[in-house]
There are 2 protein chains.
Amino acid sequence: MPVTMRDVAERAGVSIKTVSNVLNGYSYLRPATRERVEVAIAELGYRINMSARHLRKGRTGMIGLALPELAHPYFAEFADLMIVEAEKVGFRVLIERTGATRDGALTSLDSSQRRITDGLMFFPLGLDPDDGELLAVDYPLVLLGERIFGAPVDHVTMANVEAARAATVHLAEQGCRRIVALGARLDEGMGSPTLRLEGYREGLASAGLAFDPALVVEVDPWTRQTGADGIARLLDSGVDFDGVFAMNDSMAFGVLHELHTRKIAVPEDVAVIGFDDVDDAGFHEPPLSSIAPGRVQIAREAVRMLVERIDGDTQPPRLAIADFELRARESSRRPQPALSKVDAAG
Amino acid sequence: MPVTMRDVAERAGVSIKTVSNVLNGYSYLRPATRERVEVAIAELGYRINMSARHLRKGRTGMIGLALPELAHPYFAEFADLMIVEAEKVGFRVLIERTGATRDGALTSLDSSQRRITDGLMFFPLGLDPDDGELLAVDYPLVLLGERIFGAPVDHVTMANVEAARAATVHLAEQGCRRIVALGARLDEGMGSPTLRLEGYREGLASAGLAFDPALVVEVDPWTRQTGADGIARLLDSGVDFDGVFAMNDSMAFGVLHELHTRKIAVPEDVAVIGFDDVDDAGFHEPPLSSIAPGRVQIAREAVRMLVERIDGDTQPPRLAIADFELRARESSRRPQPALSKVDAAG
DNA sequence: ATGAAAGCGCTAACAA
DNA sequence: TTGTTAGCGCTTTCAT
C-alpha cells in the first residue's frame, strides 16, 4: 500500500492541505510546520502520485515529440535538444515514434488528443501535403520541419530554399559544373525535397549553370543505403557529374561510401555536401561539408511556442524560421577549381 | 470544457459504466448498445482522459528508459528498439536523460518513484560501482549494460569479456602485434571498461602476445573527440602500435579520423576495431569492424523482464546475457598479416 | 447485459 | 497560517 498525502498529514499532525502546500512550495508556512511535514515525508518515504496531480490539474507536464525514428541521427540529436530545452521550462518529453508512416503520424496526433501530453511537437513525415485538416486539432500543436499545410498551426522551420541554394553555389564555387541533386521527390507538394530542389535550381542559375534533369536523382527514404544506391544508379547510367548536393547527411554518407568503393576521389573527382550537419559529419573520411540548420534555435523556439499555447496563448498561428550555416569541410573543399570529370562507368 | 464519459453516456442514453465497457472492449455488450455508444463517442469527439484512468488503475502504461543522451547513436538506436519492443506489449517509453551524471541518474531513479512510469530500464552510467543500495528501489527496475552492483535487481547485459577477447584475437589474427586498448579506466570496479580490458588481456594471452601497459589508453567519456585525442596522445608519445581495439564505435570513429589526418593507412598500417556496431559503422571509410551486441535481444529481454515485474512477478533477480557477433569489415581486414609498423612520431 | 455508487490521490475554493 | 470540502474522470465492486 503506497504512502499517500493523508498518511503524511497524519504523521505530521497537520491537514492534507498543509502537506500539499509544502510540496508545492507555498510561501505562507510556518517553518516549524514545514519542517515537521518534511520529516514525515522522509520517514515515510512518501512520493507524490503524479497521476492524481495530473487529473486534478488537468495537465501532465509532458509534451509529445512525434518523429520518424530515433535511429536516425538527425532526429535523435533533435530529440536530445528538445528534452534539454523542455526541461528548462519544467516539461518532460514523450517521444512518439511514427516510423515516418501515415499510420504512425495519425496515431501520434490521436494519442496526444488523449491528454497524455499537454501538447505536441510534430515532424509530419508520413502525411501528405493535403492532410492539413488533420492538423486542426483541439490541443496545442507545433509543426516542425518543412512541409507546409493549410492547417492553422504554429510552425518552426528553417530556410530550406536559401540553404539549398547556398550549398549549390558553394559547390559551383569549388569548380563543380555538373552538380547532382540527390533526394529530390518530383511528385511532392511543398515538402523539404521540393524546397531544396528549388534552392538547388536557384543556386545553379546564380552560378550560371544549366539545369539538367539527368542530374536530379529521386531517393526515398533518405538513408545511407538509399543514398549509396542512388548515386550508384547514376554512375551506372553513365551520367557525368563532379559534385553532389545530398539533401541530407545520411544520403551523403552513403555517397561517400559508394564513391570510395569505386575509387572515385572526394573532393578531387567529385565534391560532396550534405544537409543537417549531424554530429558525425566531421568524423567521416573525408569530413563531410554540410548545412547546419539552427537546431538549438529550432528546438528552443518550438518548445517556447508550444508552452505559450499550453499556457493559453490564443494569438494567430506563427511561423519561425531558423538561421542556417554552411560548414565547409574537406569533402567539398578544393585547393582550386578542378577540371577533371569523373567517367561514370565506375 | 472537454467531453467526458458522462457526456457520452448521456448522449447514448446509457450509464457511464457501459461507456467504459465499450472503451475497454468488454465482451458482454449488446451490439446495438455498443453501436450507440460508439456513435456518441464519434459525434462528441470524445477522448479518454488518461490521467483519470491512470489514477484509478494505479498504473500509467509507461516505462522509463534512463540513458546518458540521445545524441549518442548507440543509445539512440537502443531507445528506438525499446520503443518498438515496448509497444508490442502495450507500453510506452518515457526517456530519461541522465547526461551520464550522478545527479541525472539519481533524478531518474527518483522520478520513477513518483509513479509517472510503472517501471524503469536503467543504464546506470554516472553511478559508482558501490552505489548498489541506490538501486534497492520499491518499483520494478531492470539494469542495462555492464556495471555490476550488489543490488538485487534484474540485469540484462552482454558477454563483455568474451566479446573484447574476440575483438583482440581478431586483430592478432590479422597480424597485429601491438594492439592498443582504447577506453580503459583503470580505477573502476566492474564496469564495461574493466570487463573489456579484461577480455583484451585474455585475447592477448591466447594470441601469445605480451601485455604492455603503454598500449592501454584511458579515455573518458567515450566520444569521437576523446577517441581521436586519445590516439593522438599515444602517437605523439612515440609508442609503436599496429592495431587499435576501441571500446566503443564513437572512439573508433575518432581514431579513424585522426589516423586519416596523419596519413596513417587503415588497415595496412593500423587495423581498427570498434564495439557496438552502430548503424553508421559500415559507412565510414574504411568501413569499421565492430562487435555487434545482441541489441534486439537485449531490448526485448529487458522489456519482457520489466513487464513481468510490473505484472507482479516476485522471483529472485535474474541475469540475462545476450549473444554478440564480430562483424569484420575493411578497417581490420588485411589480405595477409602485415609486417609494417607505424612510426608513431606522426 | 447494464446501472449505482464509491473512491483512486490530489489541488483549489472557501473558511476559519 | 492552516483546515474542510468538493470534485478532477475514470474503473470497479456489487446489484439487478
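First the proteins, then the strands, lettered A, B, ... as listed; each starts at 1. Below, all heavy atoms of this structure are taken into account, side chains as well, without hydrogens, waters or symmetry copies.
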Handout entry: Name of the residue among Leu125(B), Leu120(B), Val156(B) meeting side-chain contact (heavy atoms from CB on, under 4.5 Å) with Leu144(B)
Key = Val156(B)

Exercise for the section: Nearest whole angstrom, please: distance from the P of dA12(C) to the NZ of Lys17(A). Expected result: 7 Å

Exercise for the section: Please examine the side chains of Leu23(B) and Val37(B), heavy atoms only from C-beta on, and report whether any two atoms are closer than 4.5 Å. Expected result: no

Exercise for the section: Provide, to the nearest angstrom, the distance between the CZ atom belonging to Arg6(A) and the C1' atom belonging to dG3(D). Expected result: 13 Å

Practice task
Can you figure out which of dA1(C), dG9(D), dG3(C) approaches the side chain of Thr33(B) most closely?
Solution key: dA1(C)

Handout entry: Rounded distance in Å - CD (Glu35(B)) to P (dT2(C))
Key = 13 Å

Exercise for the section: Please tell me which of Ala52(B) and Gly13(B) maps to the more 5' nucleotide of DNA chain C, matching each residue to the nucleotide holding its nearest heavy atom. Expected result: Gly13(B)

Handout entry: Phosphate OP1/OP2 of dT2(D) contacted by Ser15(A) side-chain N/O (<4.0 Å)
Key = no

Exercise for the section: Between dT2(C), dT11(D), dA6(D), spot the one nearest the side chain of Arg56(A), thanks. Expected result: dA6(D)

Exercise for the section: Under the side-chain contact (heavy atoms from CB on, under 4.5 Å) rule, what do Glu38(A) and Val22(A) come out as? Steps first, then yes or no, please. Expected result: CA-CA 8 Å; Glu38(A) 276 164 354; Val22(A) 170; 4.2 Å; yes

Practice task
Using atom CG of Asn49(A) as one end and atom C1' of dC8(D) as the other, report the distance to the nearest whole Å.
Solution key: 13 Å

Practice task
State which of dC10(C), dA4(C), dC10(D) makes the closest approach to the side chain of Ile48(A).
Solution key: dC10(C)

Completion exercise
Separation of dT2(C) atom P from Ile16(B) atom CD1, nearest Å, is 16 Å

Exercise for the section: Check the distance between dA13(C)'s C1' and Asn24(A)'s CG and give it to me in whole angstrom. Expected result: 15 Å

Problem - Nearest-nucleotide pick for Met5(B), side chain only, options being dG9(C), dT1(D), dC10(D) - result: dC10(D)

Problem - Spacing between Lys57(B) atom NZ and dG9(C) atom C1', to the nearest angstrom - result: 17 Å

Exercise for the section: Mind checking Leu23(A) for me? I need base, sugar-phosphate or nothing, with any heavy atom below 4.0 Å counting as a touch. Expected result: nothing

Handout entry: Whole-Å gap separating P (dG9(D)) and CE (Met50(A))
Key = 19 Å

Problem - Selected nucleotide, minimal atom distance to Thr18(B) side chain, candidates dT2(D), dG3(C), dC8(D) - result: dG3(C)

Problem - Exceeds 12 heavy-atom contacts within 6.0 angstrom, atom CD of Gln315(A) - result: yes

Fill in the blank from the handout: Of the listed dG9(C), dC10(D), dT1(D), the closest approach to the Arg30(A) side chain comes from dT1(D)

Exercise for the section: Kindly check if the number of other-residue, nucleotide or ligand heavy atoms within 6.0 Å of CD (Glu43(B)) is above 12? Expected result: yes

Exercise for the section: Identify which nucleotide among dG9(D), dT11(C), dG3(C) has an atom closest to any side-chain atom of Arg53(A), counting heavy atoms from C-beta outward. Expected result: dT11(C)

